[in-house]
Amino acid sequence: MKLLIIEDEKALSDSMIAYLKGEQYLCETAYDFASAQEKLDLYHYDCILLDITLPGGNGLKLLDELIANNQRDGVIIISARNSLDDKIHGLQSGADDYLAKPFHLAELGARIESVIRRRTFGGSNLLVLGDLTIDLLAKTANVNGKELLLTPKEYALLLFLAANKNKLVSKNAIAMHILGDGAEWLSQFDLVYTHIKNLKKKLAQAGCADYIQSRYGMGYKLRIP
Amino acid sequence: MKLLQRTVRSYLIYSLLLMLVAIPAFYFITQALCLQDVDDALQDRKKQLENLLKTHQEILDKLPWHNINGEILISPPVKLSAFTSIPAPEYTTVNETAEPFRELHTYLTVNHTTYPVILRISLIGIEDLIQGIVITVGLIMALILAGLLWINRQQSKRLWQPFYQALEQLEQFRLNKKPALRFAQTNIREFEDLHRAITQITDRTYQTYLQQKEFTENAAHELQTPLATLQAKLELFMQEETLSSQQVGLLQALSEAVHRMIKLNKGLLLLAKIENTQFWETTPIRLPLVIKRLLDPLKNSIAPKGLTLKEHYEASDIIANPILVDILVANLLNNAILYAPSRGNITISVCSNALEITNSGDPLPFGEEKLFLRFQKGSHREAAQGNGLGLAIVKQICDTCHYTLSYQYADGHHFKINFSG
């Protein structure tokens with residue numbers, strides 16, 4: 001899987017590469033409008049992370065060019081502008097997703113995986129992680145064929161951890177992810193802990209190995225051997 | 001008191017006082033002048049009588065005393081000693097059965113005999129005349145006064161028109177709206193100066209406001225990328241397999257600080273966004289559903305605090321923007337949970353276009369007028385968890401959407417929002 005990270009802030013770009021490395025991703029970078037344009041002309045990518053404010057031009061113009069050339073690469077807009085207009089314009093002109101800065105790397109990982117999965121036609125709808133199988137189409141999970149009865153929030157939590165498997169996902173990242181857009185203004189308190197506890201209990205009851213590990217009280221990790 | 005009333009009132013008081021003094025004065029002066037006239041006439045008549053008696057002395061012999069036309073009364077002669085002088089003539093006004101007379105009491109000496117004589121002229125015609133004149137003059141004065149007042153009023157109204165227009169424009173001036181002041185053409189210099197001064201001052205105020213607003217927005221925007229970098233680096237650091245407990249402590253503190261900073265920045269950006277967006281699309285929204293959806297993740301913080309939640313919903317739809325309503329309700333709920341004491345109460349009620357959220361917290365440690373200001377926080381320990389923007393955001397949304405937001409303290413904090421304005 002090839003990714004292109006178009007982001008002028010080198011430190012942020014490096015962090016994204018460091019986080020995504022180790023997955024099956026091959027990351028390339030572009031730090032300004034011109035080099036991004038050149039790379040987009042020459043190669044195809046499975047997913048493009050596109051910053052809107054770039055030295056030398058507006059990232060949305062690159063998106064328009066991609067659409068005009070009928071290049072069907074997946075595009076996730078990453079913007080510091082955080083404005084609804086950019087989001088609407090970006091999604092209308094053919095971007096697959098929109099992520100406002102500052103974001104959690106775990107959230108980025110989940111979004112990339114989701115975009116790539118949607119674009120890989122004919123790919124399997126089943127995500128197999130050890131004993132655990134997640135049916136992405138039916139939105140269900142089962143352990144060795146035994147279905148888990150998960151609430152929508154627990155399913156979202158499991159999928160989020162799965163998308164970032166073997167990585168530490170911070171509590172804040174989880175809270176932001178499962179609360180969704182409208183509820184981001186709520187104070188989260190012990191929300192994450194409760195959901196994790198319930199999920200772990202259900203997994204254990206189904207006879208699943210203890211994949212979800214708490215790490216130093218900072219976050220959780222779905223460790224798949 | 002209005003400016004016009006003030007000037008007119010002074011005129012009116014002056015005119016009324018003048019009329020009160022002038023009309024009686026005019027009456028007495030006219031009366032005095034008329035009496036003077038009558039007295040002169042009596043004097044003339046006395047002279048005529050004297051001449052008549054000198055030439056026709058026989059008149060006196062025929063009658064012991066004479067009453068001619070009831071106007072001249074000659075009494076029998078009186079003996080005056082040589083040493084007494086003849087008394088001076090005397091004028092008096094007498095009233096006989098509703099008819100006033102002017103009388104001249106005097107003495108006539110004919111052939112060394114002195115007769116007391118009374119001459120009189122009826123005043124009835126003169127009284128009527130004086131009354132007529134006074135009434136006419138009074139009427140004319142009243143008419144002049146009324147006319148002057150009316151003309152003055154009309155003219156003042158017209159003259160002050162630009163002033164009132166300017167005042168109205170100023171009242172409509174809002175700091176967050178570009179001033180579009182339009183003044184009527186006037187050829188009066190003072191008003192031209194006033195209009196110019198107002199235009200300058202509103203333009204300058206608006207520019208200053210814009211600059212400040214832009215600064216806040218730009219600062220918040222510019223912080224997004226460094227914050228993103230900071231957060232990303234921290235998350236990478238967390239991926240390290242072997243961390244000492246000291247490192248974990250540092251990481252947690254750092255990550256909490258960054259998280260708060262991000263929320264604060266988001267709050268500031270949201271405030272700017274709400275303020276800058278003129279039209280928010282609206283749809284019918286069922287408030288109880290919104291509240292239930294947002295309460296769900298909050299249950300985890302309501303239970304440990306031992307809070308009692310009372311809910312009372314009446315089914316009614318409001319027309320509003322769903323994003324803003326979410327933010328509004330979430331912030332009010334957060335606030336209620338944050339400021340309710342342990343084992344306290346929270347009441348949520350929805351009835352006909354209004355939402356009321358109450359928490360049984362202690363009274364405000366600061367003035368009510370500061371409640372909705374940015375970065376205003378309560379004094380208790382938990383208040384530090386808030387970012388101080390929640391209620392400012394609530395206020396901004398209510399202002400933008402013309403909802404009425406009210407607060408009162410009565411055994412707890414009562415926040416009420418009326419969505420129908």
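Basis for what follows: all heavy atoms, side chains included, without hydrogens, waters or symmetry-related copies. Naming convention: chains lettered A, B, ... in sequence-line order (proteins, then strands); numbering from 1 in each chain. No experiment lies behind these values; they were computed from the predicted model shown.
Here the straight-line distance linking atom NZ of A:K101 with atom CD1 of B:I262 works out to 12.5 Å at 0.5 Å rounding. With rounding to the nearest 0.5 Å, the separation of CG in B:L251 from CE in A:M218 is 5.5 Å.
The most heavy-atom pairs under 4.5 Å with chain A, out of B:D296, B:L230, B:L223, B:L243, come from B:L243. Among the candidates A:E7, A:K221, A:H104, the residue making the largest number of heavy-atom pairs closer than 4.5 Å to chain B is A:H104. Interface check for chain A: of the options B:S245, B:G390, B:G249, B:A228, the most heavy-atom pairs under 4.5 Å are formed by B:A228. Chosen from A:D14, A:L12, A:V169, A:L168, the residue pairing most often with chain B at heavy-atom distances under 4.5 Å is A:L168.
For the residue pair B:E235 and A:A173, the shortest heavy atom distance occurs at OE2-CB, 4.2 Å. Of all heavy-atom pairs between A:A11 and B:K233, the closest is O-NZ, 3.1 Å.
For B:E222, no part sits under 4.5 Å from any heavy atom of chain A, backbone or side chain. Both the backbone and the side chain of B:E241 have a heavy atom closer than 4.5 Å to some heavy atom of chain A. A:K153 touches chain B through its side chain: at least one heavy atom from C-beta onward sits under 4.5 Å away, while N, CA, C and O do not.
By the neighbour-count criterion of 12 heavy atoms within 6.0 Å, atom NZ of A:K39 is densely surrounded, having more than that number from other residues, nucleotides or ligands. Within 6.0 Å of the OH atom in A:Y43, the count of heavy atoms belonging to other residues, nucleotides or ligands does not exceed 12. For A:K139, the NZ atom is loosely surrounded, since the number of other residues' heavy atoms within 6.0 Å does not exceed 12. Surrounding NZ of A:K202 are more than 12 heavy atoms belonging to other residues, nucleotides or ligands, all under 6.0 Å away.
A heavy-atom distance below 4.5 Å is not found between the side chains of B:Q239 and A:R215. Side-chain contact between A:S170 and B:M238 is present, with at least one heavy-atom pair separated by less than 4.5 Å.
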